[in-house]
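Keep in mind that this is a model prediction, so the values were computed, not measured. All heavy atoms count here, side chains included; hydrogens, waters and symmetry mates do not.
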Amino acid sequence: MRIAVVGTSNSIGTGGYVSGMQESGKVHSIENFSLGHSTSVVLPMIKKKIDFSSFDFCIFDFVVNEEVQLKNILEISLINDLLVDFISGMENTRCIPVILIMPSHLGLGEMKPARAFYTDFARRHGVPFFDFYIHLENLAHYSKLSVKSLFRDPDHLDRWAASAFGFKLAEILASRLSKHVEKIFSEKDGMLFDYMDFSSLQLGTPTITRESSVLKVELQILRGKQTIQVPIQKGSQIIGIALNLGNTNALITLTSGSSRARYDFGDRYLLADDERPVFVVRPIVPFTLDETLQIGIQPPTKGGDRPPILEIGGLTIRRSIGKQNELSTNDKDIDLALAISDADVRFAAMLGNRLSNVRIALQREMTENAKQESN
């Protein structure tokens with residue numbers, strides 16, 4: 001079984017649900033296209049990189065970040081269009097999309113908009129989905145913990161819990177490999193999207209290549225009063241900006257015709273060591289374009305004494321309405337969380353309790369060793 005993962009920070013790093021899938025023995029390979037701190041506006045960029053014919057399943061994980069962004073920038077209709085556009089690339093391949101609904105503190109106790117949308121999208125299109133919220137209360141009960149104690153921070157499940165669910169998800173998906181699912185793509189009017197990669201353009205600005213464990217990207221560098229002039233299709237809209245937050249300390253200005261907008265992504269991820277990128281594709285309120293676009297920078301509202309700088313990789317663009325192939329399937333057995341039994345949840349809780357006991361024992365041993373050394 002070959003799996004592509006397209007998500008955010010819950011899909012990156014060791015010990016999470018992806019690690020659980022890898023440890024299940026059911027997965028031949030996992031290719032991870034995820035970007036931390038991002039949302040579905042990253043999909044047009046990923047669509048240019050991914051070969052769907054190489055995978056049996058493609059997992060989406062955006063709910064946690066989009067619960068936050070839906071409160072101020074993103075709209076449900078835009079997320080829907082981005083998903084439809086991305087999934088259209090799976091036509092004539094065996095690849096099946098799988099929607100993963102990861103939990104967060106924000107979503108506890110009620111059905112928040114992003115979770116409700118992704119559940120509805122899955123049911124409308126016949127797409128399998130796995131809702132982690134479904135088993136949280138039982139897992140907490142059997143673990144003798146509060147539900148919030150299952151998290152290592154407000155946006156991420158503790159690694160043992162995420163890994164346990166990932167292990168079961170891999171087993172469930174493997175059991176579906178032999179299942180015949182008829183994918184039907186119907187041509188409809190819809191929004192078309194593109195990712196404008198600045199590394200493919202001759203923009204006349206200095207560039208730098210940043211590399212991390214999950215990506216390698218070429219970025220344009222703006223300092224002081226430098227600007228970038230970008231030729232662009234009139235009537236298009238910018239909906240996302242790809243940049244390195246680790247070395248961006250500026251108000252970003254967009255000017256096109258008589259329209260002008262400014263964006264400040266803050267200094268939360270600004271690093272003293274600018275070698276490690278924090279590359280993201282951040283959503284913005286749609287900015288409608290004339291025939292040219294000028295990108296510039298101004299001093300940020302925060303950022304201390306560091307001079308303004310921007311490292312930018314490209315733009316997510318929404319084009320005009322065109323023909324789009326929209327997926328539907330004949331699959332009725334799509335709620336994957338129903339395949340997890342009460343015994344599965346009890347077993348995960350037992351493993352979590354054992355791990356907790358090991359941690360406590362190690363902490364005690366370290367404390368005792370420290371006391372002995374001090375004496």
Side-chain angles (χ1 to χ4, degrees), residues 1-5 7 10-11 15-28 30 56-64 67 96-105 107-112 114-123 125-152 155-179 181 329 331-356:
M1 180 168 64
R2 293 170 171 80
I3 295 176
V5 176
N10 274 296
S11 299
Y17 81 88
V18 173
S19 293
M21 296 182 74
Q22 290 170 324
E23 292 165 3
S24 69
K26 302 294 184 180
V27 180
H28 179 268
I30 295 179
D56 300 296
F57 299 100
C58 179
I59 295 175
F60 297 90
D61 155 38
F62 292 110
V63 171
V64 171
E67 293 291 16
I96 298 289
V98 178
I99 290 172
L100 193 61
I101 300 176
M102 294 296 290
S104 67
H105 284 187
L108 296 177
E110 61 180 306
M111 180 69 78
K112 290 290 186 179
R115 180 186 175 198
F117 161 73
Y118 276 95
T119 302
D120 177 67
F121 183 93
R123 295 192 187 283
H125 294 274
V127 171
F129 70 101
F130 189 99
D131 188 343
F132 272 59
Y133 283 99
I134 299 300
H135 297 289
L136 280 188
E137 288 191 6
N138 278 347
L139 182 61
H141 172 71
Y142 294 135
S143 303
K144 297 180 174 57
L145 297 169
S146 68
V147 172
K148 285 190 174 181
S149 296
L150 297 174
F151 293 79
R152 57 189 169 93
D155 293 330
H156 303 89
L157 274 180
D158 204 340
R159 290 182 176 88
W160 69 265
S163 180
F165 281 132
F167 190 101
K168 290 303 299 182
L169 176 59
E171 290 186 338
I172 295 167
L173 292 179
S175 70
R176 297 171 64 92
L177 280 175
S178 60
K179 182 177 182 178
V181 175
T329 80
D331 194 354
K332 304 300 181 185
D333 184 24
I334 59 173
D335 190 345
L336 304 185
L338 297 179
I340 292 185
S341 68
D342 187 69
D344 292 329
V345 179
R346 284 177 179 269
F347 185 71
M350 180 190 70
L351 293 178
N353 288 333
R354 288 184 177 178
L355 179 61
S356 178

Atom [atom1] of [X] and atom [atom2] of [Y]: how far apart are they, to the nearest 0.5 Å?
X	Y	atom1	atom2	value
Asn138	Arg346	CG	CZ	8.5 Å
Ile101	Ile134	CD1	CD1	8.0 Å
Leu177	Met1	CG	CE	6.0 Å
Asp61	Tyr17	CG	OH	4.5 Å
Glu67	Met102	CD	CE	13.0 Å
Phe347	Ser341	CZ	OG	11.0 Å

Are [X] and [Y] close enough that some pair of their side-chain heavy atoms sits under 4.5 Å apart?
X	Y	result
Asp335	Arg123	yes
Lys26	Leu173	no
Ile340	Phe130	yes
Asp331	Lys179	yes
Phe151	Leu136	yes
Asp158	Leu150	no
Phe165	Pro103	no

Nearest non-hydrogen partners of [X] and [Y], listed with the distance:
X	Y	result
Val64	Ser104	CG1-CB, 4.1 Å
Ser19	Ser163	C-OG, 4.5 Å
Ile334	Ala122	CD1-O, 3.6 Å
Phe60	Pro97	CE1-CB, 3.5 Å
Trp160	Ala348	CZ3-O, 3.3 Å
Ser178	Ser175	OG-O, 4.2 Å

Keeping the roles fixed (side chain from [X], backbone from [Y]), state whether a donor-acceptor pair exists under 3.5 Å.
X	Y	answer
Thr329	Gly126	yes
Asp56	Arg2	yes
Asp344	Ala164	no
Tyr133	Gly109	no

Residue from Val5, Leu169, Asp131 passing side chain to side chain contact (heavy atoms under 4.5 Å, CB included) with Leu100: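 In the set Val5, Leu169, Asp131, the residue that makes a side chain to side chain contact (heavy atoms under 4.5 Å, CB included) with Leu100 is Leu169.
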Can you say whether the rings of Phe117 and Phe121 are parallel (under 30°), tilted (30 to 60°) or perpendicular (over 60°)?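 The rings of Phe117 and Phe121 sit tilted, inter-plane angle from 30° to 60°.
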Test Val98 against Phe129 for side chain to side chain contact (heavy atoms under 4.5 Å, CB included), laying out the working first. CA-CA 5 Å; Val98 178; Phe129 70 101; over 6 Å; no
Could you go through the side chain to side chain contact (heavy atoms under 4.5 Å, CB included) check for Val63 and Lys112 one step at a time? CA-CA 10 Å; Val63 171; Lys112 290 290 186 179; over 6 Å; no
Side chains of Tyr142 and Asp342, donor plus acceptor under 3.5 Å: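 On atom types as modelled, these side chains qualify, holding a pair under 3.5 Å.
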